[in-house]
Amino acid sequence: QVHLVESGGGLVQAGGSLRLSCAVSGRTFSSGTMGWFRQAPGKEHDFVAEISWGWSGTSTRYVDSVKGRFTLSRDNAKNTVYLQMDSLKPEDTAVYFCAVAKGETYEYWGQGTQVTVSS
């Protein structure tokens, strides 16, 4: 059983930065995949970024709209994944969710944290 808690959301002006955290309860996994998703008012639930780790190392993947602005990292000792968001734009405004994959499917989800970017 996995439990996730997001934090770090808030209100920021365009061009500013925020760092989101996703703390995972329980033991650290030797391999796995975690991701960030977001949902803006009236919009679909969209993929933002993903980090995978295992025997071959660590890899990340980002949606085109955040490449060069958002950076994923993982602190194994703290069981925490971070999403560093720089050069924020109003269109980044959304509720952000972190999730843990089980096999090919994201199964465990956090409650979400609100990010609001003003112009």
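Since the model is a prediction, treat every value here as computed from it, not as a measurement.
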(message) Please check: side-chain N/O of Tyr108 versus main-chain N/O of Lys102, any donor-acceptor pairing under 3.5 Å?
(response) no

(request) Would you confirm whether the ring centroid of Trp109 sits within less than 6.0 angstrom of the ring centroid of His3? (result) no

(request) Would you indicate whether the side-chain heavy atoms of Val24 and Met34 approach each other to under 4.5 Å? (result) yes

(message) Using modelled atom types and a 3.5 Å cut-off, is there a donor and acceptor pairing between side-chain atoms of Arg19 and backbone atoms of Gln84?
(response) no

(request) Scan for disulfide bond (SG atoms under 2.5 Å apart) pairs involving residues 48-84, sequence neighbours excluded, and state none if there are none. (result) none

(request) Using side-chain hydrogen bond (donor to acceptor under 3.5 Å, both in side chains) as the criterion, point out the one residue from Thr33, Thr58, Thr60 that pairs with Ser52. (result) Thr33

(request) Search all heavy atoms of Cys98 against all heavy atoms of Glu6 and return the closest pair with its distance. (result) N-OE2, 2.9 Å

(request) Compare every heavy atom of Gln39 with every heavy atom of Lys43, then report the nearest pair and how far apart it is. (result) O-NE2, 3.3 Å

(request) Following the transitive rule for hydrophobic clusters with a side-chain heavy-atom cut-off under 4.5 Å over Ile, Leu, Val, Met, Phe, Trp and Tyr, establish whether Tyr62 and Tyr82 coincide in one cluster. (result) no

(request) State whether the side chain of Thr93 and the backbone N or O of Glu91 hold a donor-acceptor pair below 3.5 Å, judged by distance alone. (result) no

(request) Classify the ring geometry between Tyr106 and Phe37 as parallel (under 30°), tilted (30 to 60°) or perpendicular (over 60°). (result) perpendicular

(request) Search all heavy atoms of Leu18 against all heavy atoms of Leu88 and return the closest pair with its distance. (result) N-CD1, 3.8 Å

(request) Return the orientation label for the Tyr96 and Phe70 ring planes: parallel under 30°, perpendicular over 60°, tilted otherwise. (result) tilted

(message) Checking side-chain polar atoms at under 3.5 Å, does Asp75 have a donor or acceptor matched by the opposite partner on Thr80?
(response) no

(message) Closer than 4.0 angstrom, basic N to acidic O: yes or no for Asp92 and Lys89?
(response) no

(request) Can you see which heavy atom on Cys22 is nearest to which on Trp36, and at what distance? (result) CB-CZ2, 3.6 Å

(request) Kindly compute the distance separating CZ (Arg38) from CG (Asp46), expressed to the nearest 0.5 Å. (result) 7.0 Å

(request) Report yes or no: is the cationic atom of Arg61 (NZ for Lys, CZ for Arg) under 6.0 Å from the centre of the six-membered ring of Phe47, at an angle within 45° of the ring normal? (result) yes

(request) Take atom CD of Glu44 as the centre, draw a 6.0 Å sphere, and report whether it contains more than 12 heavy atoms from other residues, nucleotides or ligands. (result) no

Can you give the donor-acceptor pairs under 3.5 Å from side chains of residues 110-119 to other protein atoms, not counting sequence neighbours?
unit_1 : atom_1 : unit_2 : atom_2 : d
Thr113 : OG1    : Gly9   : N      : 3.2
Gln114 : NE2    : Ala94  : O      : 3.4
Gln114 : NE2    : Thr116 : OG1    : 3.4

(request) Any chance you could measure Leu11, atom CG, to Gln13, atom CD, to the nearest 0.5 Å? (result) 8.0 Å

